[in-house]
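Here the structure comes first, spelled out in C-alpha cells, and everything after it is commentary.
Counting starts at 1 for both ligands and their atoms, following the listed order.
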Amino acid sequence: MEFVRLNNGIKMPILGYGVFQIADQEECERCVLDAIEVGYRLIDTAQAYGNEEAVGKAVKKCGVKREELFITTKVWIANAGYEKAKSSIEESLKKLQLDYLDLVLIHQPFNDYYGTYHAMEDLYKEGKIKSIGVSNFYPDRLIDITKFNEVVPAVNQVETHVFNQQIKPQEIMKKYGVQIQAWAPFAEGKNSFFTNETLKEVGDRYNKSVAQVALRYLIQRDVSVLPKTVSKDRMIQNIDVFDFELTKEEMAVIEGLDKAESLFFSHYDPQTVEYLTGLVR
Ligand code: NAP
C-alpha cells in the first residue's frame with residue numbers, strides 16, 4: 001500500500017474501500033471484513049449510508065490493530081450546525097464502536113456547514129478526530145472554508161474518474177494544501193466505463209483490467225481513490241495496482257478522456273441543490 005501525507009502530517013492510505021450503496025447490514029459487514037482481509041486499511045462510510053454499525057462490527061471482528069486502520073465518516077446535511085454535528089459525530093463513534101475517527105468530512109456544502117466545521121475543529125483539538133475535511137466542495141466553496149477557518153481541510157472528496165478528472169480543481173486544492181480524494185473512481189460504470197477501449201488497450205500491455213488502469217492513472221496523479229465492490233475477487237483486483245507504472249505517453253492518452261464534467265450532477269445546478277437539501281426533511 002502507498003500512502004499520502006495529509007497537511008497535518010497524518011499518513012492516509014492512497015487507496016481505500018468505500019461502502020456507499022451497501023445498505024444490507026450483514027452484507028456490508030461481510031464486505032468490510034473481506035476488504036480488510038485482502039489488504040484494504042482505509043474504510044470510507046458516511047452517516048447517510050446507514051451502515052456505520054456494520055462497519056463498526058467488521059472493524060471490531062477483523063483482528064487488525066485499530067492504529068493500522070483508517071476510518072472515515074461524513075456528517076450529513078440534516079446534522080449540520082455546531083450542536084447537531086457534534087452530537088451526530090458522537091453518535092457515529094458509538095455506531096462504529098470507536099474511540100476516535102481518522103477522518104470526518106462534511107458530506108455536502110449545504111445547510112450550516114460552518115457550524116459543522118467548527119464542531120469538527122473542536123473534536124479535532126480534543127483528539128476524537130485525527131483529520132477533518134470536506135466533500136463535494138467545488139473550488140469556490142473550498143477557498144471560502146479554507147480562508148475563514150483555523151484548520152485547513154485535510155481532504156476534499158469529489159467525483160473523480162477518467163471522464164471527470166478534476167485537473168483544475170486539483171491544482172486549487174494543491175495550492176491550499178488539500179488532498180484530493182476520488183469518489184466513484186469507476187464512475188459507477190457509467191459511460192461504458194468497464195469496456196472503454198483506451199483503458200483496455202493500455203491494460204492489455206500490463207495484463208491489467210480497465211478498473212486497474214483507471215485506478216493506477218488516478219494514483220499516479222496523486223489522487224486518493226475509493227473503489228467500491230461487493231465482490232471479493234474484485235476487491236483483490238482493485239487493490240492490485242501497485243506493481244506497474246503507466247508511462248508519460250499513456251498518462252497523456254488517458255488524460256484525453258477527460259470531459260471535465262460530472263456524470264452524476266453538478267452542485268451548481270439548482271435542481272441538484274433542491275434535491276439534496278430536500279433530503280433533510
Ligand atoms: P465506483 O467505485 O465508481 O463504482 C462501483 C461500481 O463498480 C459497482 O457497481 C461495482 O460493482 C463496480 N465494480 C467495482 N470494481 C469493479 C471491477 N474491478 N470490475 C468491474 N466492475 C467493478 O462507485 P461508488 O461506490 O459510487 O464510489 C466509491 C466510493 O466513493 C463509495 O463507496 C463511497 O465510499 C464514496 N462516495 C462518496 C460520495 C460523496 O458524496 N462523498 C459519493 C459517491 C461515492 P460490484 O459491487 O457489483 O462489484
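- Judged by the shortest distance from any of its heavy atoms, S209 lies outside the 4.0 Å radius around the atoms of ligand 1.
- The single protein non-hydrogen atom nearest to atom 26 (O) of ligand 1 is E188 OE2, 2.4 Å, given as residue, atom name and distance.
- Both tests hold for K130 against Y100: distance to the six-membered ring centre under 6.0 Å, angle to the ring axis within 45°.
- For an aromatic pair to be called close, the ring centres must be under 6.0 Å apart, and F137 with Y113 satisfies this.
- By the 4.5 Å heavy-atom criterion applied to side chains, E2 and I219 are counted as neighbours.
- Closest to atom 29 (C) of ligand 1 among all protein heavy atoms lies L226 O, 3.1 Å.
- Here the protein heavy atom with the shortest distance to atom 11 (O) of ligand 1 is R234 NH1, 3.5 Å.
- Of all the listed residues (L42, N238, L276), N238 holds the heavy atom that lies closest to atom 15 (N) of ligand 1.
- With respect to atom 9 (O) of ligand 1, the closest heavy atom belonging to the protein is K228 NZ, 4.5 Å.
- Which of Y49, F194, F186, W183 comes nearest to atom 22 (C) of ligand 1 through a heavy atom is settled by distance: it is F194.
- For atom 31 (C) of ligand 1, the nearest protein heavy atom (residue, atom name, distance) is F20 CB, 3.3 Å.
- Near N136, meaning under 4.0 Å from one of its heavy atoms, ligand 1 places the atoms 39 (C), 40 (O), 41 (N).
- Annotation for ligand 1: atoms under 4.0 Å from non-hydrogen atoms of Q157 are 35 (C), 36 (N), 37 (C), 38 (C), 39 (C), 41 (N).
- Residue contacts with ligand 1: K74 is included, with a non-hydrogen atom under 4.0 Å away.
- Classified by interplanar angle (parallel below 30°, tilted 30° to 60°, perpendicular above 60°), the ring pair W183/F265 is tilted.
- For ligand 1, the atoms lying closer than 4.0 Å to a non-hydrogen atom of A187 are 3 (O).
- Residue contact check: D44 has heavy atoms under 4.0 Å from atoms 33 (C), 34 (O), 35 (C) of ligand 1.
- For ligand 1, the atoms lying closer than 4.0 Å to a non-hydrogen atom of Q237 are 18 (N).
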